[in-house]
Amino acid sequence: MRHSTEWRERAACAAQAMRPMIDTVRTQLLGLRLTPLYAALVALLTTVVRTFPPHLRDALVLHNSTDIANLSSGQLYPLLTSALLIDGDIALGMMLLLMILGTAEAYWGWRRTVATYLAGHVTTTLIVFTLLLLGPFRHAVEEIVVTPDVGVSYGMVTVLGALLATCPLPRRAAIAATLGAMFAAVFLAAPTFTDLGHLVALATGLTVGRTAGGSTRRRTARPRTPPGSPRSEDSTPSPTD
């Protein structure tokens, strides 16, 4: 009975000590604007499209794919619409999307998160497209000219790379190098244009992060002041999006 009481007291002390951290995380999560809406939209559209008959589903995916056929014919809208569908496990994609974009939005704000994500998605797609046409992979272009290419991974990896370049994480250079080695190993084991894109996206994110790193500052959550309440003189306005 005595030991049980001691454990309860220790658990209560631990919970009390963690309360500020839990409150901070909760405040940051409740303050997210972009990530939950975007994740819900992607999950909804992907789920709806997968309910269509196979021929209609495949046609819709190809119509919004950033494959060689679409980009070569001058269709540029897939550069945006391809990021609204997931060709794979929805649960895994949503989990990674929420983790990476949620962290970025809490750290940078939603505007910079959007800019980094879109820049990474579009830039990586165009670089891979150019490499496939002009680089050492041009011999395989005929085989993949209409291979579906939709998803959120290029943008996510770019944001992840930019976070590693800007967040004050311990051994972030080692983490970035490990990620690069993992992507390279996957690509060398069975080369695909998607694996090539992940390498390009990581490099793009690291470059973007280093370039804009000097102007980065973390968003700080501050409790809202109730209407009519006086603000303390030493309070500073929080960064706005």
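None of these values were measured; they are calculated from a predicted model.
Both Leu126 and Leu133 belong to a common hydrophobic cluster when Ile, Leu, Val, Met, Phe, Trp and Tyr are linked at side-chain heavy-atom distances under 4.5 angstrom. Using a 4.5 Å cut-off between side-chain heavy atoms of Ile, Leu, Val, Met, Phe, Trp and Tyr, with links allowed through other members, Leu199 and Ile100 fall into the same hydrophobic cluster. Criterion: ILVMFWY side-chain heavy atoms under 4.5 Å apart, direct or through other members. Under it, Leu37 and Met95 are not part of a common hydrophobic cluster. Side-chain heavy atoms closer than 4.5 Å link hydrophobic residues (I, L, V, M, F, W, Y) into clusters, and following such links, possibly through other members, connects Leu56 to Val48. One hydrophobic cluster, built from ILVMFWY side chains closer than 4.5 Å, holds both Leu92 and Val152.
If you take OG1 on Thr81 and CD on Gln75, they are separated by 9.5 Å, rounding to the nearest 0.5 Å. The OG1 atom of Thr124 sits 11.0 Å away from atom CG of Leu79, with the distance rounded to the nearest 0.5 Å. The CZ atom of Arg172 lies 15.0 Å from the OG1 atom of Thr178; values are rounded to the nearest 0.5 Å. How far NE2 of His63 is from OH of Tyr77: 3.0 Å, rounded to the nearest 0.5 Å. To the nearest 0.5 Å, the span separating CG on Leu196 from CZ on Phe187 amounts to 5.0 Å. Between Leu76 atom CG and Leu71 atom CG the span is 7.0 Å, to the nearest 0.5 Å.
In this structure, Thr66 contributes its side chain and Asp149 its backbone to a donor-acceptor pair below 3.5 Å. For Asn70 (side chain) and Asn64 (main-chain N/O), no donor-acceptor pair under 3.5 Å exists by modelled atom type. Formation of a donor-acceptor pair under 3.5 Å by the Arg57 side chain with backbone atoms of Phe52 is found in this model.
At least one side-chain heavy atom of Leu164 sits less than 4.5 Å from a side-chain heavy atom of Leu179. Contact check for Trp110 versus Leu32: no side-chain heavy atoms found under the 4.5 Å cut-off. Side-chain contact between Thr192 and Asp195 is present, with at least one heavy-atom pair separated by less than 4.5 Å. Side-chain contact between His121 and Thr158: absent, with no pair of heavy atoms (C-beta onward) separated by less than 4.5 Å. Considering only heavy atoms from C-beta on, Tyr38 comes within 4.5 Å of Leu101 through its side chain. At a threshold of 4.5 Å between non-hydrogen side-chain atoms, the residues Val150 and Ile86 do not count as touching. Put simply, the side chain of Tyr107 does not reach to within 4.5 Å of the side chain of Thr113, judged on heavy atoms. Between Leu85 and Val42 the shortest side-chain heavy-atom distance does not fall below 4.5 Å.
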Pair Tyr117-Leu34, side-chain contact (heavy atoms from CB on, under 4.5 Å): steps then yes or no: CA-CA 11 Å; Tyr117 182 86; Leu34 163 77; over 6 Å; no
Assess the residue pair Leu118 and Leu80 against the criterion (side-chain contact (heavy atoms from CB on, under 4.5 Å)); give the C-alpha distance rounded to whole Å, side-chain angles, the decisive distance to 0.1 Å, and a yes or no. CA-CA 8 Å; Leu118 289 179; Leu80 297 178; 4.2 Å; yes
Chi angles and distances behind the side-chain contact (heavy atoms from CB on, under 4.5 Å) call for Ile90, Arg50: CA-CA 11 Å; Ile90 296 181; Arg50 291 186 180 184; 3.5 Å; yes
Give the intermediate values and the outcome of side-chain contact (heavy atoms from CB on, under 4.5 Å) for residues Phe183 and Val200. CA-CA 10 Å; Phe183 288 142; Val200 174; over 6 Å; no
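When the side chain to side chain contact (heavy atoms under 4.5 Å, CB included) test is applied to Leu41, the partners found at least two apart in sequence or on another chain are Leu45, Leu84.
For Phe193 and Phe129, the distance between ring centers is not under 6.0 angstrom.
Residues Glu105 and Thr35 have side chains that bring a donor and an acceptor to within less than 3.5 angstrom of each other.
When all heavy atoms of Pro78 and Ser65 are compared, the closest pair comes out as CB-O, 3.4 Å. Scanning all heavy atoms of the two residues, the minimum distance from Met94 to Ala43 falls at SD-CB, 3.7 Å.
A perpendicular orientation is assigned to the rings of Tyr154 and His198, their planes being inclined by more than 60° (bins at 30° and 60°).
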